[in-house]
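In what follows, a single structure is set out as structure tokens and then discussed.
What you see is a predicted model; the values in this text were computed from it and never measured. What you see below is based on every heavy atom in this structure, not just the backbone, and it leaves out hydrogens, waters and symmetry mates.
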Amino acid sequence: MQKLSLSQSLQQKLSPQQIQFIKLLQIPTAELDTRIEEELEINPALEEGMDDDFEQKEDDPFADEFDDDYKERNDDLDIDGYLQQDDYAGYKMQGDGNYGEEERDMPLATSSSLLDSLVQQFSYLPLTDDQRVIGTQLIGSIEADGYIRRSMQAIVNDLAFSQNVFTDTEEIEEVLHKVQTLDPPGIAARSLQECLLLQLRRRDLSDPDVVLAIRIIDDFFEEFSKKHYDKIQRRLAISDETLKRVIDIIIRLNPKPGSVDDSSGTAQFLIPDFILINNSNKLELSLNSKNAPELRISRSFADMLDTYDKGNKQNKALKETVSFVKQKLDAAKWFIDAIKQRQQTLLKTMNAIVRFQYDFFLTGEESKLRPMILKDIAQMIDMDVSTVSRVANSKSVQTEFGIYPLKYFFSEGISTDSGEDVSSREVKNILKDLIDNEPKLSPLSDDKLEKILNDRGYNIARRTVAKYREQLNIPVARLRKQL
């Protein structure tokens with residue numbers, strides 16, 4: 001006999017407008033133009049240009065209903081309320097300076113993209129229609145670093161649901177091998193091992209060192225990744241000189257083929273979201289002008305309501321048209337307001353960061369950076385931590401000392417023997433300097449690094465040393481040992 005049970009749960013659902021605002025808040029300046037163009041294309045009630053003195057006519061029978069509907073939506077636009085349950089984009093509330101796996105590269109504005117180049121190259125291959133659809137899906141699955149991490153079965157399912165193309169993993173693999181022949185070498189690999197092999201197999205295979213490099217990656221990848229070169233040397237019975245030549249070939253390969261695309265001639269440049277000017281020791285902050293687009297409600301589109309009001313009220317098609325027009329006007333008005341609220345939120349957050357790190361922005365000296373976590377800024381501006389995270393995770397500021405990602409200014413504090421707190425960034429710099437200058441044949445272990453830092457007055461534990469080393473993408477001492 002089955003038992004029946006009832007359970008209740010309280011869930012907070014996000015409206016489409018709220019989801020849109022989350023996306024608007026977090027996108028960098030480089031992507032804002034594209035987002036606005038998309039909205040202009042789908043909403044004829046939205047136009048570019050300065051806002052005119054458009055007002056609803058007093059005798060407009062739809063005016064009150066439209067305004068109330070918009071006001072109701074606008075009241076729902078509570079940033080903190082609907083962001084509270086969201087993730088913090090890689091930051092931790094207590095601010096340990098670890099930005100996690102979601103740390104992203106700085107936004108780039110490019111004249112062309114790797115995706116465009118791959119699509120163009122792929123179009124030249126002799127393929128069937130289905131293979132072209134499969135290849136396009138595979139190219140779309142390539143991540144920023146050049147890898148495909150989705151399983152082949154997941155791509156089979158994607159094609160069935162979204163493209164109505166029914167295939168199997170064998171055919172996917174066949175097309176994948178064709179995609180992997182595109183430039184840059186190593187693109188569309190599913191692992192580092194496959195990425196290196198793809199690059200090596202495009203080398204001169206008449207060179208015995210290249211053939212040996214392929215065998216090492218193919219048969220001894222685990223030993224190679226752990227730098228157990230002595231085991232590889234014994235198994236292959238090769239000399240020190242040969243081993244060194246082959247290892248040199250491998251380490252010169254590109255582990256992230258998507259990050260550099262020399263063949264496309266792509267020009268890349270940073271677009272800062274904020275501009276900070278030091279005017280006689282007075283810091284003046286402004287938004288990049290691209291963050292303040294000129295948008296307005298289409299007067300001609302709004303006038304349609306008045307025209308439709310004079311028509312036949314019983315006409316079903318007319319009623320549907322009126323509903324469509326009102327919906328588009330409402331969406332346009334909301335979008336303009338959301339853009340303005342985005343600007344206000346960005347400036348409010350950045351102004352707080354400038355006040356907190358005032359000494360750094362005056363001098364540009366890293367030693368002037370104060371320990372700062374997301375919660376510090378959230379409390380200053382009375383917003384939720386996740387709101388600050390959304391702003392900080394993908395934005396940058398231009399100063400007279402260079403362009404900095406906002407996440408650069410967030411770090412935890414480390415106490416010293418004198419009782420002062422210093423930024424963990426300062427400790428990381430010292431740690432990096434110690435490792436850069438360590439003896440290559442006998443690298444410093446985390447225990448030794450801990451002792452050196454403690455001797456210099458920094459109260460730091462070995463596990464924290466290990467955490468900072470990992471955040472700096474520095475391997476353990478054994479893997480840093482060089483031949």
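Using modelled atom types, one side-chain atom of N437 and one backbone atom of D433 make a donor-acceptor pair closer than 3.5 Å. The closest donor-acceptor contact from the side chain of S225 to the backbone of E222 lies under 3.5 Å. A distance-only check finds a donor-acceptor pair linking the side chain of R370 to the backbone of F356 [under 3.5 Å]. Judged by distance alone, the side chain of Q199 and the main-chain N or O of G186 form no donor-acceptor pair under 3.5 Å. Between the side chain of E284 and the backbone N or O of N279 there is no donor-acceptor pair closer than 3.5 Å. D376 contributes a side-chain N or O that, together with a main-chain N or O of I373, makes up a donor-acceptor pair within less than 3.5 Å. A distance-only check finds a donor-acceptor pair linking the side chain of S141 to the backbone of Q137 [under 3.5 Å]. Not one N or O on the side chain of K428 forms a donor-acceptor pair closer than 3.5 Å with the backbone of Y468.
Enclosure of atom CD in E241 is not indicated, since only 12 or fewer non-hydrogen atoms of other residues, nucleotides or ligands lie within 6.0 angstrom. Heavy atoms of other residues, nucleotides or ligands lying less than 6.0 angstrom from CD of E38 number more than 12. A 6.0 Å sphere centred on CZ of F161 holds no more than 12 heavy atoms belonging to other residues, nucleotides or ligands. Atom CG of D129 sits in a sparse spot, with 12 or fewer heavy atoms from other residues, nucleotides or ligands closer than 6.0 Å. Residue-environment remark: NZ (K282) stays at or below the threshold of 12 foreign heavy atoms within 6.0 Å.
Rounded to the nearest 0.5 Å, atoms CZ (R342) and CD (Q26) are 10.0 Å apart. Taken from CD1 in I217 to CD in Q193, the straight-line distance is 7.0 Å, to the nearest 0.5 Å. How far CD1 of I148 is from CD1 of I142: 5.0 Å, rounded to the nearest 0.5 Å.
Aromatic ring centres of F224 and F220: separated by at least 6.0 Å.
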